[in-house]
Amino acid sequence: MALFRFDSPRFPPQAQAAREQARAFLADELEGGRFAPHRSSWSTFDAAFSRRAGAAGLIGITWPRRYGGQERSGLERYAITQELLAAGAPCFAHWVADRQSGPQILRQGSEQARTEILSRICRGECYFGIGMSEAGSGSDLAAVLTRAVREGDGWLINGSKIWTSNAHNVHYLIALARTGAAGEDRHGGLTQFIIDMASPGVTVRPILNLAGGHEFNEVHFQDYYVPDHLRLGEPGQGWAMVTDELAFERSGPDRFLSDYRLLVELVNRVGTEPDAREAVEIGRLVAHLQSLLGMSASIAALLEKGLSPNIEAALVKDVGTAFEKDIPEVARRLVACEPGLDAQSDVFAQTLGNVVLHAPAYTLRGGTREILRGIIARGLGLR
Ligand SMILES: Cc1cc2nc3c(=O)[nH]c(=O)nc-3n(C[C@H](O)[C@H](O)[C@H](O)COP(=O)(O)OP(=O)(O)OC[C@H]3O[C@@H](n4cnc5c(N)ncnc54)[C@H](O)[C@@H]3O)c2cc1C
């Protein structure tokens with residue numbers, strides 16, 4: 001029996017049409033000078049861009065029409081996602097909602113939550129963050145201490161989250177909280193809730209990152225009341241849901257295309273007549289990229305069938321983030337250029353500057369390399 005499920009999915013003709021649709025939208029955006037590819041990535045938050053992407057029909061496309069979706073396939077969505085990343089589009093505002101929160105609400109949310117939230121996500125008007133990590137539980141999510149207790153028709157939440165990307169910009173978080181006893185395997189008693197950031201009892205405090213930017217935050221809950229219709233799944237099912245959600249979070253092309261623009265600029269800088277060393281180094285990167293694209297598309301096909309390819313997703317994220325950390329290393333070996341962030345630096349130096357500052361986070365966000373390797377080892381029967 002195959003341990004890992006990596007088939008070569010056949011992209012339907014509609015996926016090519018979706019790709020063309022995304023390319024036309026992006027060409028128009030670039031022509032209008034509405035974003036700078038060398039200064040942005042999927043972790044750049046730009047609400048105006050997301051509203052335009054929503055209007056162009058590029059968000060929530062697989063969801064049912066009654067919730068604002070288009071009932072298109074996961075492979076069409078995959079093609080669109082890939083194009084947005086390859087263009088260096090600033091898509092963080094809608095990214096989490098489109099990638100994981102919306103699908104989770106569709107599968108586990110109440111009818112009221114689906115009706116109130118999903119179509120706004122599709123229009124690019126409603127943004128989500130992830131409230132999993134806490135000070136004492138990043139890798140070990142079973143250790144979350146944030147508590148939710150029954151209160152009338154809802155729940156009262158107390159506790160804190162940390163490293164919450166965009167908590168200061170989003171409308172909602174999906175937060176993991178303890179609602180009961182952990183049990184022997186420590187995976188029991190956890191429940192996910194949709195947190196409306198406009199409700200009282202939630203405070204956001206900024207944390208500046210290594211690049212000096214404000215991307216993530218601490219989030220504190222003090223007697224925060226969440227109505228029961230914003231609970232996801234049954235109480236105590238949170239662990240299984242988080243695990244499923246991580247397959248969406250870890251397997252996409254965002255786990256190896258964060259700095260694709262640097263690869264493009266590297267090829268531009270080296271030009272059409274590379275020497276032997278340049279050809280070997282860039283050729284190796286492109287070959288790895290091609291394999292990653294195949295692996296990740298294959299997971300998109302498994303997700304489309306309703307499966308939970310968590311082990312394969314862990315593998316793609318581990319190999320993918322190693323690849324995206326390799327790009328700046330190769331770029332620095334091949335081109336003698338100081339990274340720069342100021343507008344006077346050339347495009348290559350600016351792209352390199354941005355990537356060098358953000359690359360350390362690639363193997364941490366969404367699950368560290370050691371944790372992913374533990375999951376992969378378990379999948380191989382090694383632990
Ligand atoms: C840019 C960025 C954005 C993020 N955004 C979010 C967000 O929006 N929402 C959110 O909830 N979280 C977010 N995170 C948090 C991220 O998921 C955690 O940082 C990550 O899961 C690691 O947890 P930790 O920081 O608590 O480290 P720890 O869990 O304390 O780990 C520290 C080190 O120990 C290693 N380690 C831990 N346990 C084991 C083990 N069992 N075996 C071997 N090694 C181990 C880890 O690999 C790591 O190297 C973000 C992180 C970054 C960097």
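All ligand and atom numbering here is 1-based and tracks the order in the structure. Quantities reported herein were computed from a predicted structural model and do not represent experimental measurements.
- Just one residue in the list Y172, F92, W95 forms a ring-ring contact (aromatic ring centres under 6.0 Å, His included) with F128, and that residue is Y172.
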In a simple table, one pair per line, please give the protein and ligand 1 atom names for every N or O pair closer than 3.5 Å, along with the distance.
from, atom 1, to, atom 2, distance (Å)
ligand 1, 5 (N), W163, O, 2.9
ligand 1, 5 (N), S165, OG, 2.8
ligand 1, 8 (O), W163, O, 3.4
ligand 1, 8 (O), S165, N, 2.9
ligand 1, 8 (O), S165, OG, 3.3
ligand 1, 9 (N), I130, O, 2.7
ligand 1, 11 (O), I130, O, 3.3
ligand 1, 11 (O), M132, N, 3.0
ligand 1, 11 (O), S133, N, 2.7
ligand 1, 11 (O), S133, OG, 3.2
ligand 1, 12 (N), S133, OG, 2.8
ligand 1, 23 (O), S139, N, 3.4
ligand 1, 26 (O), G138, N, 3.4
ligand 1, 29 (O), S139, N, 3.0
ligand 1, 29 (O), S139, OG, 2.6
ligand 1, 47 (O), T368, OG1, 2.6
ligand 1, 47 (O), E370, OE1, 2.6

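- D46 has no carboxylate O lying under 4.0 Å from a charged side-chain N of R34, or vice versa, which leaves the two without a salt bridge.
- The closest donor-acceptor contact from the side chain of R261 to the backbone of A86 lies under 3.5 Å.
- Put simply, the side chain of R178 gets close to the backbone of G188: a donor and an acceptor are under 3.5 Å apart.
- Residues G201 and Y224 come closest through the heavy atom pair O-CB, 3.7 Å.
- A salt bridge does not link R120 with E125: every distance from a Lys NZ or Arg NE/NH1/NH2 to an Asp or Glu carboxylate oxygen is 4.0 Å or more.
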